[in-house]
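Below, all heavy atoms of this structure are taken into account, side chains as well, without hydrogens, waters or symmetry copies. Chain A is the first sequence line, chain B the second, and so forth, proteins listed ahead of strands; every chain is numbered from 1.
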Amino acid sequence: MKRILAITKKELLVLFYSPIGYIFAGLYFLVINWLFFNDLFILGQADLSPYWNVAVYLLSLFIPAISMGLIAEEKKNSTWEMLLSLPINETELVVGKYLGGVIYLLFFWLMSLPVVITIFILGKPEFGLVMAGLIGVIILSISYLAIGLLISTISKQPIVSFLITTVFLIINSLMGQEILLSRMPLLLRDICQNLSLNYRFLNITTGLINLSDLVFFGSVIFVGLFLASILLKENHQK
Amino acid sequence: MLEVTEISKYFGDIKAVDNVNLKISKGSVVGLLGPNGAGKTTLMRIIVGFYQSNTGKIKWNGKLVKTKSRKHRQRIGYLPENNPLYLSMTVGEYLSFVAELKGVDDLDNIKKVIRKCGLADFGNKSIETLSKGYRQRVGLAAALLGNPEIIILDEPTTGLDPNQIIEIRNLIKQLAKDRVLIFSTHILPEAREICERIIIINKGKIVLDEKTKEIKDLEKKFIDLTS
């Protein structure tokens, strides 16, 4: 556990030092707040659901910017040769890095608190719904992070990892869009719905927290980290 | 004593290390020489546990070791080629990080290593701002944390200026006193100056393994054996 925490601490140092995280976080909040507050005053409703709807797509760009460097950057800079010659195994490395990313994202989501507080000042939104949205977006972010970390183990170049993760996440989000689902055959529709993180996330934002959705997100994280550690073990032997 | 027996490593069809046998005792500097792509780095990576060999075994003091085990890695200090470091960290942050991963709690050991490598006044300096020579010291300090019994240095003097090379060479000589120390280099006079024993690798095979003082013309021998 000590070694995992050492990796987590180091990852946080690197993430907070890197300008990329700040640039993407700044752009993210600029775009999402502009879109949200534009509509908020036109509709005149104290409702955060449009905020979460936009968040899904913006996260498809922001999370890969964070995850791209987790492993690929180590490979690019050859620091992982140094790391894997130390008394630490691939699983500890993957878990430590993931935890670092999760803590970073929690700090990131703290930045959305002013929006939540503003909504409560402007109107009377349902507290449970707001909390469900916040929990949902955190679960979605950390699931995206696990996918990004897995893709980061495959590539030696962070930018390649960024592009593959972004495309994957956007396609996955589109799979949960009603406009596309309604044109699909029933069987394909069911498959797409069930595999779409976005679709399950939108369920949560309605205040409906299903065990099956939580298990699904948990499985995505577990499988992502498990495969990442297996791939790391295999990759550097070639 | 470190014993490497019948070690081979393939990358697809390419045999990077071919049936290598070595015995290295504590207390001497062993120079690993060879042209680019000869298999030096691969052999070092196998010993440190970064690569798994396809055949062969490694023993430490007569006992078979699993190179990927924590115990084996704890006894090794490794400075990879090009000395990869986290440039955004300070020297103190980096060395604390490596110490935590090595499970080194002994503050005295950490301070001793920092002093030995001449980094006492650099704890709060960002690695990014250090000269190449000082970065090399940081890499060496990281390798020395935990007082490892085996030290493996992959081209530790590459890219350094003459003064820095002399400093690093002196440090290497000091370190070898009670350890197994293997280092690779392309600079033949350097190998002659600091190594008690020289091993030349070519195409994955050991083509020469002799005491330095017994080799009459190292340059000629190197060219003959590797061209």
Problem - Contacting region of A/Leu13 [heavy-atom separation from chain B under 4.5 Å] - result: side chain

Exercise for the section: Starting from the C-alpha separation in whole Å, work towards a yes-or-no answer on side chain to side chain contact (heavy atoms under 4.5 Å, CB included) for A/Lys10 and B/Glu93. Expected result: CA-CA 8 Å; A/Lys10 182 236 102 181; B/Glu93 282 167 351; over 6 Å; no

Practice task
Apply side chain to side chain contact (heavy atoms under 4.5 Å, CB included) to A/Thr79 and B/Leu85, showing your working.
Solution key: CA-CA 6 Å; A/Thr79 41; B/Leu85 298 166; 5.8 Å; no

Exercise for the section: Answer with side chain, backbone, both or neither: which region of B/Leu79 has an atom nearer than 4.5 Å to a non-hydrogen atom of chain A? Expected result: neither

Handout entry: A/Phe107 atom CZ, over 12 foreign heavy atoms within 6.0 Å
Key = no

Exercise for the section: For A/Trp80 and B/Phe50, work out which heavy atoms get closest and say how close. Expected result: O-CE1, 4.0 Å

Problem - B/Arg73 side chain to A/Ser85 backbone, donor-acceptor under 3.5 Å - result: no

Exercise for the section: Inspect the surroundings of CZ in A/Phe226 and state if more than 12 heavy atoms from other residues, nucleotides or ligands are less than 6.0 Å away. Expected result: no

Handout entry: NZ/NE/NH1/NH2 to OD/OE distance under 4.0 Å, B/Arg45 and A/Glu81
Key = yes

Exercise for the section: Answer yes or no: are there more than 12 heavy-atom neighbours, outside A/Phe222 itself, under 6.0 Å from its atom CZ? Expected result: no

Completion exercise
So the side chain to side chain donor-acceptor pair (under 3.5 Å) pairs with at least one residue in residues 115-125 of chain B (sequence neighbours excluded) are none

Handout entry: NZ/NE/NH1/NH2 to OD/OE distance under 4.0 Å, A/Lys9 and B/Glu100
Key = yes

Problem - Side chain / backbone / both / neither for B/Asp105 at chain A, heavy atoms under 4.5 Å - result: side chain

Fill in the blank from the handout: If one checks every heavy atom of A/Ile7 against chain B at 4.5 Å, the contacting part turns out to be both

Problem - Within 6.0 Å of CD1 in B/Ile14, more than 12 heavy atoms from elsewhere - result: no

Exercise for the section: Evaluate whether atom NZ of B/Lys15 has more than 12 neighbouring non-hydrogen atoms of other residues, nucleotides or ligands under 6.0 angstrom away. Expected result: yes

Handout entry: Between A/Glu74 and B/Tyr86, a side-chain donor and acceptor under 3.5 Å
Key = yes

Handout entry: Side chain, backbone, both or neither of B/Leu101 within contact of chain A (heavy atoms, under 4.5 Å)
Key = both

Practice task
Would you name the heavy atoms of A/Ser78 and B/Pro84 that are closest together and state the gap between them?
Solution key: O-CG, 3.2 Å

Handout entry: Residues, nucleotides or ligands: over 12 heavy atoms within 6.0 Å of A/Trp109 CH2
Key = yes

Handout entry: Crowding at NZ, B/Lys173 (>12 non-hydrogen neighbours, <6.0 Å)
Key = yes

Practice task
Show the numbers, then the answer: is there a side chain to side chain contact (heavy atoms under 4.5 Å, CB included) between A/Arg3 and B/Lys102?
Solution key: CA-CA 8 Å; A/Arg3 290 180 173 86; B/Lys102 285 188 166 185; over 6 Å; no

Exercise for the section: Compare every heavy atom of B/Ser88 with every heavy atom of A/Tyr17, then report the nearest pair and how far apart it is. Expected result: CD2-CB, 3.0 Å

Fill in the blank from the handout: Here the pair of heavy atoms bringing A/Ile88 nearest to B/Arg70 is CA-NH1, 4.1 Å

Practice task
Could you tell me which non-hydrogen atom of B/Gln74 sits nearest to which non-hydrogen atom of A/Pro87, and how far apart they are?
Solution key: CG-CG, 3.5 Å

